[in-house]
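A quick write-up on the structure given underneath.
Computed from heavy atoms alone, side chains included, the values below leave out hydrogens, waters and symmetry copies. All chains are named by letter (A, B, ...) in the order of the sequence lines, taking the proteins before the strands, and each is independently numbered beginning at 1. Bear in mind that the values here come from a model prediction, so they are computed numbers and not experimental data.
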Amino acid sequence: KAGVTQTPRYLIKTRGQQVTLSCSPISGHRSVSWYQQTPGQGLQFLFEYFSETQRNKGNFPGRFSGRQFSNSRSEMNVSTLELGDSALYLCASSLRGASYYGYTFGSGTRLTVV
Amino acid sequence: AQTVTQSQPEMSVQEAETVTLSCTYDTSESNYYLFWYKQPPSRQMILVIRQEAYKQQNATENRFSVNFQKAAKSFSLKISDSQLGDTAMYFCAFMKTQGGSEKLVFGKGMKLTVNP
């Protein structure tokens with residue numbers, strides 16, 4: 001079966017712009033989480049969604065937002081981009097019970113802000 | 001807040017040898033889960049092994065096994081018979097279920113290189 005699909009793979013944006021990243025989870029997975037990966041800060045939790053509801057949010061400014069659709073696909077949006085937003089953004093999905101099944105990650109979207 | 005520490009930033013090992021990656025964590029919780037993830041150059045994080053804190057038995061998955069010491073808050077990963085394909089970043093991660101939410105707290109990672 002298909003894995004977690006993230007689009008686009010690479011993205012270059014200018015400071016001040018906004019960006020939307022997409023994540024399609026494994027079929028049947030209702031939980032979707034987002035993580036930001038940078039060389040300096042490592043992997044940091046952004047959001048978690050389950051059945052279109054945000055269950056948890058990490059310590060990021062309000063410029064970072066997300067949502068989940070009825071088909072479990074998820075998007076995250078970053079407005080007013082800053083240079084420090086350059087990172088690999090990883091999406092992960094799980095059947096309910098990620099503690100038991102673990103998360104399956106996508107290959108990420110590499111965002112570069114210039 | 002939970003923290004995960006991987007003190008070795010980088011290691012190298014010869015093919016077929018055994019290597020141990022260390023991880024310590026800090027938490028006041030009694031029920032939690034621990035994971036090792038592998039991230040090869042393809043960028044995709046791949047689950048290697050998981051451990052439930054309430055289980056004393058160490059988890060094993062083929063060539064991968066853990067040494068879980070709950071009192072010491074230590075969770076090391078042993079890779080036996082190392083293969084070239086094991087070359088990757090390895091991340092130790094902690095998960096506490098909180099009100100149904102399941103988020104991972106990751107360590108900074110360790111770069112493992114397996115040499116031929």
Worksheet item: A:Leu90, A:Leu43, A:Asn56, A:Leu88: which one forms the most heavy-atom pairs within less than 4.5 Å of chain B?
Response: A:Leu43
Practice prompt. Answer yes or no for A:Arg110 and A:Tyr10: cation-pi contact, defined as NZ/CZ to six-membered ring centre under 6.0 Å and angle to ring axis within 45°.
Written response: no
Discussion item. Please determine whether the number of non-hydrogen atoms from other residues, nucleotides or ligands lying under 6.0 Å from atom CZ of A:Arg15 exceeds 12.
Written reply: no
Worksheet item: Does B:Ile79 belong to the same Ile/Leu/Val/Met/Phe/Trp/Tyr cluster as B:Met110, with side-chain heavy atoms less than 4.5 Å apart forming each link?
Response: yes
Item to complete: Could you tell me which of B:Gln39, B:Lys96, B:Met45 has the largest number of non-hydrogen atom pairs under 4.5 Å with chain A?
Response: B:Met45
Worksheet item: Non-hydrogen atoms of chain A under 4.5 Å away: do they reach the side chain of B:Leu47, the backbone, both or neither?
Response: side chain
Response to the item:
Honestly, the part of B:Lys108 sitting under 4.5 Å from a heavy atom of chain A is side chain
Worksheet item: In this structure, are over 12 heavy atoms from other groups packed under 6.0 Å from A:Asn71 atom CG?
Response: yes
Discussion item. Please classify the contact of A:Tyr35 with chain B as side chain, backbone, both or neither, using a heavy-atom distance under 4.5 Å.
Written reply: side chain
Discussion item. Report which part of B:Phe91 has an atom under 4.5 Å of a heavy atom belonging to chain A: side chain, backbone, both, or neither.
Written reply: side chain
Worksheet item: chain B heavy atoms under 4.5 Å from A:Gln44: which part of the residue, side chain, backbone, both or neither?
Response: neither
Item to complete: Give the minimum heavy-atom separation between B:Phe68 and B:Tyr25, together with the two atoms involved.
Response: CE1-OH, 3.1 Å
Practice prompt. Examine the side chains of A:Ser22 and A:Arg73 and answer whether a donor and an acceptor come within less than 3.5 Å of each other.
Written response: yes
